[in-house]
Amino acid sequence: MFELGRNKILRGKREFNTVHSKGRSFANREMVIYILNDENLNGKAGFAAGKKLGCAVIRNRVKRILREAYRLNQHNIKQDCAIILVGRKNLIEAKADVAIKSFQEICKRAKIWID
RNA sequence: GCAGGUAGUCGAGGCGAUCGCGGUUAAUUUUUAAUCGAGGAAAGUCCGAACUCCACAGAGCGGCGUGCCGGAUAACGUCCGGCGGAAGUAAUUCCAGAGAUAGUGUCACAGAAAACAAACCGCCAAAUUUUUUGGUAAGGAUGAAACGGCAGGGUAAGAGCCUACCAGACGUGCAGUAAUGCUCGUGCUUGAUAAACCUCACGCGGAGCAAAACUAAAUAGGAAAUGGUUGAGGUUGCUCGCUGACAUUUCGGGUAAGUUGCUUGAGUUGUGCGGUAACGUACAAUCCAGAUAAAUGAUCGCCAUUAUUACAAAAUUCGGCUUAUUGACUGCCUGCCUCC
RNA sequence: GCUUGCUUAGCCCAGUUGGUAGAGCAUUUCCGUCACAUGGAAGGGGUCGAGGGUUCGAGUCCCCCAGCAAGCA
């Protein structure tokens with residue numbers, strides 16, 4: 001019930017660019033999220049970590065933590081939107097529960113949270 | 001025991017539970033089960049190959065690389081052994097280590113003079129008289145570097161002018177596959193720089209898996225200008241040779257999806273044999289990631305620890321090099337101290 | 001993944017065969033002005049991205065790292 005298969009992940013440069021450029025953005029100290037309501041992309045998520053964070057090991061770790069935060073909370077989020085999560089510097093040393101709380105907080109601010 | 005040198009191993013957690021990811025194979029159908037799932041550097045892209053395309057790859061000039069000798073290898077700028085030089089008490093480590101008598105260039109400032117030698121001070125002799133002429137390379141000063149060093153003889157003063165020792169050059173002989181080493185002889189002694197041009201020897205065609213091939217879809221298989229079978233364009237920088245009809249720019253439109261390449265290979269492990277070694281060879285065992293917004297993670301408990309943990313993530317594949325790095329362990333060797 | 005280029009003063013840049021690192025803007029001081037700007041004069045400020053090598057001597061030549069930027073279906 002917490003699966004996150006391949007069909008639920010944004011694929012290709014085009015899908016990313018549409019969400020990234022057209023979507024609304026929200027940010028806090030740990031991450032930035034982009035949200036877009038698009039019929040073809042709804043229910044999908046993407047994960048990113050910029051080159052400034054560090055080497056490949058650190059970037060992979062940040063993306064995994066973001067994936068974990070989204071995976072455990074995906075049923076509490078409205079299904080009519082596509083989300084991109086981008087990691088920031090505070091997430092490099094952080095544990096998973098920090099990322100989860102941060103994700104819940106930011107979703108409530110974006111008004112896509114359902115209890 | 002202390003201090004060092006060298007070769008190598010492990011590689012950061014282990015076990016259990018819950019949630020979850022990628023490949024393969026089964027079932028059956030869209031979910032289950034089994035099994036496998038990052039490194040010693042996967043990194044930098046610095047060399048060398050395999051592989052693919054370009055004439056299944058050609059000629060000349062140019063260009064680039066390598067550079068003591070012998071071997072290893074598919075190949076190499078790598079490795080092993082030896083020689084020479086430098087550092088260290090030693091074990092040992094480091095070296096782009098051919099040629100400066102084929103030619104050209106450069107050597108700032110200082111200094112008399114920076115390369116077919118020359119003569120500022122000085123020294124000696126002669127003249128004349130306070131300067132000139134000749135001899136000289138011992139001494140001084142400058143510089144990174146001054147035309148072998150040092151001692152004795154010799155001389156007007158000096159000088160390889162002569163002699164001994166040392167350094168180098170050339171030649172003879174001996175040892176060694178060779179680099180080179182040793183012996184003897186000849187007064188033969190004529191800077192440095194080749195990571196300056198260059199000479200000699202050897203090697204190199206170009207591009208790279210975003211290479212390349214196939215399938216499917218889409219549309220206006222568009223238009224204009226310039227050049228073009230009197231040869232466009234491609235093939236390396238040029239010339240030849242080969243190929244033989246489109247190429248470039250501007251405007252406008254569309255696709256940028258999937259499959260193959262993609263992992264069985266100069267493979268890995270073990271044992272024996274040959275070789276000082278790099279390595280080779282025989283036999284046996286074994287299959288060990290193959291993704292494409294990109295898979296190894298999260299949480300909790302127990303154990304270990306100074307520490308929730310060094311450096312760090314495959315992207316066509318191998319052989320090296322270089323760089324980053326924690327803690328621990330093992331073998332051998334050297335020097336010093338103590339005891340038996 | 002592959003292939004290229006660039007790092008020099010606070011900023012933007014020169015530096016041609018190796019020989020004491022320069023210009024413009026900015027900055028400091030002085031002159032000038034009632035005062036400020038413009039103007040004139042003088043001065044300070046550099047580990048030449050880092051480390052090693054060749055050389056008597058490297059910004060420059062060679063090797064090797066770091067950072068930044070660009071291109072390739």
Please measure how far the [atom1] atom in [N] lies from the corresponding atom in [M], and state the result in whole Å.
| N | M | atom1 | answer |
| --- | --- | --- | --- |
| B/U322 | B/G267 | C1' | 26 Å |
| C/C25 | C/C12 | C1' | 8 Å |
| B/G270 | B/U9 | P | 11 Å |
| C/C56 | B/A196 | P | 12 Å |
| B/U263 | B/C288 | C1' | 12 Å |
| B/U249 | B/A218 | P | 30 Å |
| B/A115 | B/U193 | P | 16 Å |
| C/C2 | B/C209 | P | 7 Å |

In Å, rounded to the nearest 0.5 Å, how long is the span from [atom1] of [X] to [atom2] of [Y]?
| X | Y | atom1 | atom2 | answer |
| --- | --- | --- | --- | --- |
| A/I84 | A/S25 | CD1 | OG | 11.0 Å |
| A/K78 | A/I83 | NZ | CD1 | 11.5 Å |
| A/K44 | A/C81 | NZ | SG | 13.5 Å |

| query | In dot-bracket form, how is RNA chain C paired, counting a Watson-Crick or G-U wobble pair only if both its distances are under 3.5 Å and using | for bases paired to another strand? | reply | (((((((..((.(.....[..).))..((((.......))))......(.(((..]....))).)))))))).

| said: Just to be sure I understand the rule, does A/R61 reach a base, reach only the sugar-phosphate, or reach nothing, if contact means heavy atoms closer than 4.0 Å? | reply: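 Sugar-phosphate, backbone atoms only, no base.
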
Whole angstrom value for the distance that separates [atom2] of [N] from [atom1] of [X]:
| X | N | atom1 | atom2 | value |
| --- | --- | --- | --- | --- |
| A/R59 | B/A315 | CZ | P | 13 Å |
| A/L66 | B/C21 | CG | C1' | 16 Å |
| A/K63 | B/A313 | NZ | C1' | 11 Å |
| A/F47 | B/A293 | CZ | P | 14 Å |
| A/K101 | B/A298 | NZ | P | 17 Å |
| A/I100 | B/C300 | CD1 | P | 10 Å |
| A/N73 | B/G20 | CG | P | 14 Å |
| A/E68 | B/C19 | CD | C1' | 8 Å |

[N], syn or anti by chi within 90 degrees of zero:
| N | result |
| --- | --- |
| B/A38 | syn |
| B/C170 | anti |
| B/U92 | anti |

Considering only distance and modelled atom types, tabulate donor-acceptor pairs under 3.5 Å from the side chains of residues 26-36 of chain A, sequence neighbours left out.
{"from": "A/N28", "atom 1": "OD1", "to": "A/E30", "atom 2": "N", "distance (Å)": "3.2"}
{"from": "A/N28", "atom 1": "OD1", "to": "A/M31", "atom 2": "N", "distance (Å)": "3.1"}
{"from": "A/N28", "atom 1": "ND2", "to": "A/S102", "atom 2": "OG", "distance (Å)": "2.8"}
{"from": "A/N28", "atom 1": "ND2", "to": "A/E105", "atom 2": "OE1", "distance (Å)": "3.1"}
{"from": "A/E30", "atom 1": "OE1", "to": "A/S102", "atom 2": "OG", "distance (Å)": "3.4"}

| request: Please identify each residue that fulfils side-chain contact (heavy atoms from CB on, under 4.5 Å) with A/N73, with sequence neighbours left out. | output: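 For A/N73 the side-chain contact (heavy atoms from CB on, under 4.5 Å) partners, ignoring immediate neighbours, are A/N76, A/I100, A/F103, A/Q104, A/W113.
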
Atom pairs and distances, side-chain donor-acceptor, residues 56-66 of chain A, under 3.5 Å, sequence neighbours left out:
{"from": "A/R59", "atom 1": "NE", "to": "A/G54", "atom 2": "O", "distance (Å)": "3.1"}
{"from": "A/R61", "atom 1": "NE", "to": "A/I92", "atom 2": "O", "distance (Å)": "3.4"}
{"from": "A/R61", "atom 1": "NH2", "to": "A/A94", "atom 2": "O", "distance (Å)": "2.9"}

| request: For A/N60 and for A/I65, locate the closest nucleotide of RNA chain B by heavy-atom distance; then report the residue assigned to the nucleotide nearer the 5' terminus. | output: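 The residue mapped nearer the 5' terminus is A/I65.
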
With the side chain of [X] defined as its heavy atoms from C-beta on, choose the nearest nucleotide among [options].
| X | options | value |
| --- | --- | --- |
| A/L72 | B/A312, B/C19, B/G297 | B/C19 |
| A/V57 | B/A38, B/A312, B/G297 | B/A312 |
| A/R67 | B/A295, B/G20, B/A298 | B/A295 |

| query | Does B/U296 have OP1 or OP2 sitting under 4.0 Å from an N or O in the side chain of A/R64? | reply |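 It does, given that an N or O in the side chain of A/R64 lies less than 4.0 Å from OP1 or OP2 of B/U296.
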
